[in-house]
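Only one structure is covered here, and it is reproduced in the block below.
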Amino acid sequence: MHTPRALTIAGSDSGGGAGIQADIKTFQELGVFGMTALTAVTAQNTRDVTGIYELPEEAVARQIDAVAEDIGVDAAKTGMIASVSIMEVVAAKVKEHRIHGLVIDPVMIAKSGVPLLEEPARKALQEILLPLARIITPNLHEAEAIVGRELDTEEKRKDAARHMADLGAEAVIIKGGHVEDDQATDLLFDGSRFYTFTAPRFHTPHTHGTGCTFSAALTASLAKGKPLLETVETAKQFITEAIQHPLHIGGGHGPTNHWAYRSSRT
Ligand SMILES: Nc1ncnc2c1ncn2[C@@H]1O[C@H](COP(=O)(O)OP(=O)(O)O)[C@@H](O)[C@H]1O
Ligand SMILES: Cc1ncc(COP(=O)(O)OP(=O)(O)O)c(N)n1
């Protein structure tokens, strides 16, 4: 039997709610074997990011080589990639190892307000990483930064999604967590059509790591070979359950509950 294998290329969140920790928990819960290539270590909790330590480019490259050359990668995701030089290494390795099914979560700022992407890397993200994406998953502010304009209506968000597809992403999801709305609606553009995925909006501070968890759930379904619409549907259900049943951990924006989706099905 083939065991689906997913790789996360991202930063570590010592608090366990976002970054590679959120990704690995999500992969595990969705029945996928998880692997990691660390790009940076953050000292972080539910309140703040108190330190960021980037790994050398060579360390990032060797980690990707190690897993791709032996274990194999059915799908991968990127999270925090703070600098242009690490972005270049990641893009080169994704091409070299022909990693398809790449989900790009263009992480820019943590919920605590601390930037996780250096300023010059914002433009590089569009030029270097975006064209490799099977799916790119910006939140509202990340989408605005990528296209360089305010996206305060659905029509503008649709135009922005088309713009990102023109830049090379096969599919675009503009997430609705930061959109002012009674519901949490994510907009998918598959290159030809638009779809929306809607869930109730929960009024909770415990949303640390929502974007990481959502993109990891997408990656897990791609690793299993699921089609795009089923992939997004599953990821939306996973993150909705995870937000709906918070763990009440820490004194700030607590993590989502990675057990909730599986618990609701057993
Ligand atoms: N309060 C909420 N209630 C329900 N779903 C939410 C809430 N906040 C975010 N989501 C969902 O979580 C996922 C991640 O979205 P978002 O919070 O926008 O990403 P990020 O963590 O990158 O800022 C999306 O599917 C979004 O709709
Ligand atoms: C190490 C690390 N990577 C990514 C993030 C951002 O995660 P995200 O899912 O966007 O959640 P919030 O930080 O917005 O809650 C992070 N914080 N740390």
Side-chain angles (χ1 to χ4, degrees), residues 8-26 36-55 77-82 86 103-117 135-146 151 157 173-188 196-218 231-246 250 252-258 260-261:
T8 168
I9 306 168
S12 162
D13 167 11
S14 54
I20 56 147
Q21 288 81 355
D23 297 341
I24 284 285
K25 290 172 192 180
T26 305
T36 60
L38 270 178
T39 57
V41 172
T42 70
Q44 184 172 179
N45 55 28
T46 65
R47 284 196 288 245
D48 203 0
V49 180
T50 55
I52 296 180
Y53 310 91
E54 266 192 67
L55 264 74
K77 65 156 280 188
T78 64
M80 174 186 177
I81 300 185
I86 295 188
V103 177
I104 294 183
D105 182 7
V107 172
M108 293 183 186
I109 302 176
K111 211 137 273 154
S112 51
V114 175
L116 299 174
L117 181 72
I135 313 176
I136 185 164
T137 64
N139 68 23
L140 180 66
H141 307 306
E142 291 157 352
E144 289 178 338
I146 290 170
L151 302 175
R157 292 192 282 279
I173 302 175
I174 301 184
K175 297 172 294 189
H178 303 263
V179 176
E180 280 190 29
D181 192 346
D182 291 342
Q183 295 181 308
T185 300
D186 302 337
L187 177 69
L188 165 70
T196 52
F197 296 81
T198 296
R201 178 176 297 279
F202 302 107
H203 298 283
T204 167
H206 303 304
T207 53
H208 176 51
T210 46
C212 300
T213 301
F214 179 70
S215 55
L218 293 171
T231 291
V232 183
E233 189 62 47
T234 303
K236 185 66 174 166
Q237 285 169 8
F238 191 95
I239 190 60
T240 301
E241 296 278 356
I243 297 170
Q244 187 177 5
H245 304 286
H253 289 289
T256 68
N257 179 351
H258 294 95
Y261 175 83

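Whatever order the structure lists them in is the order used to number ligands and atoms, beginning at 1. Sequential numbering from 1 along the given sequence is applied to the chain's residues. Every heavy atom of this structure was used, including side-chain atoms; hydrogens, water molecules and symmetry mates were not.
With a 4.5 Å cut-off on side-chain heavy atoms, Thr137 and Leu218 count as touching.
For ligand 2, the polar-atom distance check against Cys212 finds a nitrogen or oxygen pair separated by under 3.5 Å. The shortest N or O to N or O distance between Thr42 and ligand 2 is not below 3.5 Å. Between Gly209 and ligand 2, an N or O atom pair is found at a separation short of 3.5 Å. The shortest N/O to N/O separation between Val107 and ligand 2 does not fall below 3.5 Å.
Close approach of ligand 1 to Asp186 is summarised as follows: ligand atoms under 4.0 Å from at least one heavy atom of the residue are 24 (C), 25 (O), 26 (C), 27 (O). Taking every non-hydrogen atom of Pro200 and a distance limit under 4.0 Å, the qualifying atoms of ligand 1 come out as 3 (N), 4 (C).
Residue-ligand proximity: Val49 is placed with every non-hydrogen atom at 4.0 Å or more from ligand 2. Using a non-hydrogen distance threshold of 4.0 Å, Thr240 does not register as a contact of ligand 1. Proximity of Gln44 to ligand 2 is established by a heavy-atom distance of less than 4.0 Å. Taking a 4.0 Å cut-off on heavy atoms, Ala10 fails to register as neighbouring ligand 2.
Annotation: atom 7 (C) of ligand 1 to nearest protein heavy atom, Ile243 CD1, 3.7 Å. Looking at atom 18 (O) of ligand 1, its nearest protein heavy atom turns out to be Gly177 N, 3.0 Å.
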